[in-house]
Amino acid sequence: MSSISKRLLQDLFKSSEGLFIFTLYQRFNISPKELYILINELVEKKLIKEEEDRLTLTSEGKDYVIKTDLTIKSTGNKYDKIPDKFLGRRIEINEFYLPTSPNTRTDILN
Amino acid sequence: MSKLKKHINREELSKIFALYSRQPWLLDKEDNFIELLLMCETAEHKRLILELLAEFHFLELKTLNNFLNLIADFIITDSGFSESTTQIAAITYDDEADSSQKILDYIKIPLHKQGWADIKTVNRFGATIKNYNEGKTQILFIDEFVGSGSTIVGRVKQLKNDIKGDFELKFCFIAGMDYGIKNIEALGYEVYCPLRLPKGISERFVHPELEVKTELMTSLEGKLADSINSYNLPDYSFGYNKAEALYSLEGSNGNTPNSVFPIFWWPRTKDGKPRNTLLTRFEKGLK
């Protein structure tokens, strides 16, 4: 799912009464065509529904937002999202460790 | 994008969405569509453009094929013509390729599938006389689109002048303006046309709205170049012969008729700059 789709779902999740399409059009930096296609895709996936120019999340849409953690606001810091496989044991303060030589200052090595 | 955002209000966005549902071909022409909307100075101008586009017939291949089948069915079943004495002719007069020849070529396959595998086709108007003299006395002219019908009326006059004996004459068009078809029918000839169109403004709006919409379109046309090479906008104002057509075969690799409102296809603005038009009209030297 594209980031703009996720953002649309997040915005709808925060709005209990849903949002007017025009509100989303003003909020997002996309053209009418892009918004039209985006909404149609989400309607087809039954995640949102449209009534009189207003969009709301369906119950499936609410489930999707909750289960995929779209409700957690991102800090925008990529180091907050390091995959598990790259995480090792956290070392203690003042514990010795062996540095990776290419990343070590040359004056220390000499 | 920001210019467009300021230019479109909530009601217009709603209409654009409704238009996209009804006319999905516009999704593939968004830049051209936006440029057209940005040409509109007032909300009333935009409303008129959106209303006209909502009524537009942009023929996709599937629809064209359906119409070709209907025409073949008419020719074989309802025209009363017989295969051995019929010639199906394009109305093409000169040596320029045109859509009449295109439709003549397209109709061969539906005719063959429906049983006429030995029908005589004639790809130039002038050759109908020779075929008449060879026994093809039932003449069926075929074309893609008829506007005011003035070209057809001229051809009928010429045919009557060129053929001294008796002949039967009928016409088939994919689409046409209803008033133009009636002009041909008024001469006493049967016309088969699966898509008959009313004039885009003058047969859809009534007083006092009609005068308002007419004025709006006139002011929109005021933004177009007065002339391009030998072509003068006044000749095409509201479409050639004021046909006010809302139709194009571009969805099936066809041309846009000059009967269509020029705001959709006239290629230059008042100051001579090229436009990114919604539709394309091929006319020799018009660019």
Side-chain angles (χ1 to χ4, degrees), chain A residues 1-65 68 70 73-74 76, chain B residues 1-56 58 60 220 248 250-251 263-264 275-280:
Chain A
M1 183 174 286
S2 68
S3 58
I4 193 87
S5 301
K6 288 176 187 169
R7 196 179 148 201
L8 192 150
L9 293 175
Q10 284 170 338
D11 284 9
L12 289 178
F13 189 81
K14 290 177 206 156
S15 313
S16 56
E17 300 294 320
L19 289 169
F20 281 114
I21 292 173
F22 188 68
T23 308
L24 292 164
Y25 173 66
Q26 287 183 313
R27 200 174 280 183
F28 296 170
N29 186 32
I30 58 176
S31 72
K33 171 192 168 181
E34 289 165 328
L35 184 59
Y36 175 82
I37 291 172
L38 176 64
I39 290 171
N40 273 4
E41 281 174 359
L42 293 173
V43 168
E44 274 180 27
K45 287 178 181 169
K46 295 188 169 64
L47 296 176
I48 63 172
K49 60 184 175 188
E50 184 196 340
E51 276 173 314
E52 296 178 353
D53 293 341
R54 185 188 285 275
L55 299 179
T56 49
L57 283 179
T58 60
S59 51
E60 290 100 316
K62 285 174 191 162
D63 280 353
Y64 181 85
V65 173
T68 52
L70 291 183
K73 194 173 184 325
S74 169
Chain B
M1 186 69 71
S2 59
K3 193 176 171 191
L4 180 69
K5 294 248 183 232
K6 286 178 196 159
H7 209 71
I8 293 178
N9 63 31
R10 186 170 147 183
E11 183 205 350
E12 287 160 358
L13 185 73
S14 175
K15 282 192 173 175
I16 289 171
F17 269 46
L19 194 56
Y20 279 152
S21 296
R22 193 165 167 171
Q23 308 279 6
W25 58 277
L26 286 171
L27 289 165
D28 296 328
K29 290 174 173 273
E30 189 184 40
D31 285 352
N32 319 58
F33 181 40
I34 286 172
E35 187 170 315
L36 182 59
L37 292 178
L38 291 175
M39 255 187 105
C40 300
E41 278 177 7
T42 68
E44 285 72 29
H45 287 105
K46 266 180 281 176
R47 188 177 304 131
L48 174 63
I49 290 295
L50 295 174
E51 283 168 344
L52 294 181
L53 285 174
E55 298 302 320
F56 210 91
F58 189 84
E60 305 287 352
L220 277 170
S248 177
E250 273 187 48
I263 194 68
F264 297 116
R275 295 175 66 213
N276 192 15
T277 52
L278 195 60
L279 301 169
T280 305

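Residue numbers begin at 1 in each chain, while the letters A, B, ... track the order of the sequences.
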Mind checking whether Pro32(A) and Tyr20(B) have side chains closer than 4.5 Å, heavy atoms only? yes

So how far is it from Leu26(B) CG to Lys33(A) NZ, rounded to the nearest 0.5 Å? 10.5 Å

Might you confirm whether atom CD of Gln26(A) has over 12 heavy atoms from other residues, nucleotides or ligands at distances under 6.0 Å? yes

Contacts of Arg10(B) that satisfy side chain to side chain contact (heavy atoms under 4.5 Å, CB included) - sequence neighbours left out: Phe20(A), Phe22(A)

Contacts of Thr277(B) that satisfy side chain to side chain contact (heavy atoms under 4.5 Å, CB included) - sequence neighbours left out: Arg275(B)

Quick test of your reading: applying salt bridge (Lys or Arg N to Asp or Glu O under 4.0 Å), list the pairs with at least one residue in residues 45-56 of chain A, sequence neighbours left out, ordered by first then second residue. none

Is Leu35(A) close to chain B through its backbone or its side chain, or both, or neither, when contacts mean heavy atoms under 4.5 Å? both

Is there any residue in residues 43-56 of chain B with a non-hydrogen atom under 4.5 Å from a non-hydrogen atom of chain A, and which ones are they? none

Contacting moiety of Leu13(B), where chain A heavy atoms sit under 4.5 Å: side chain

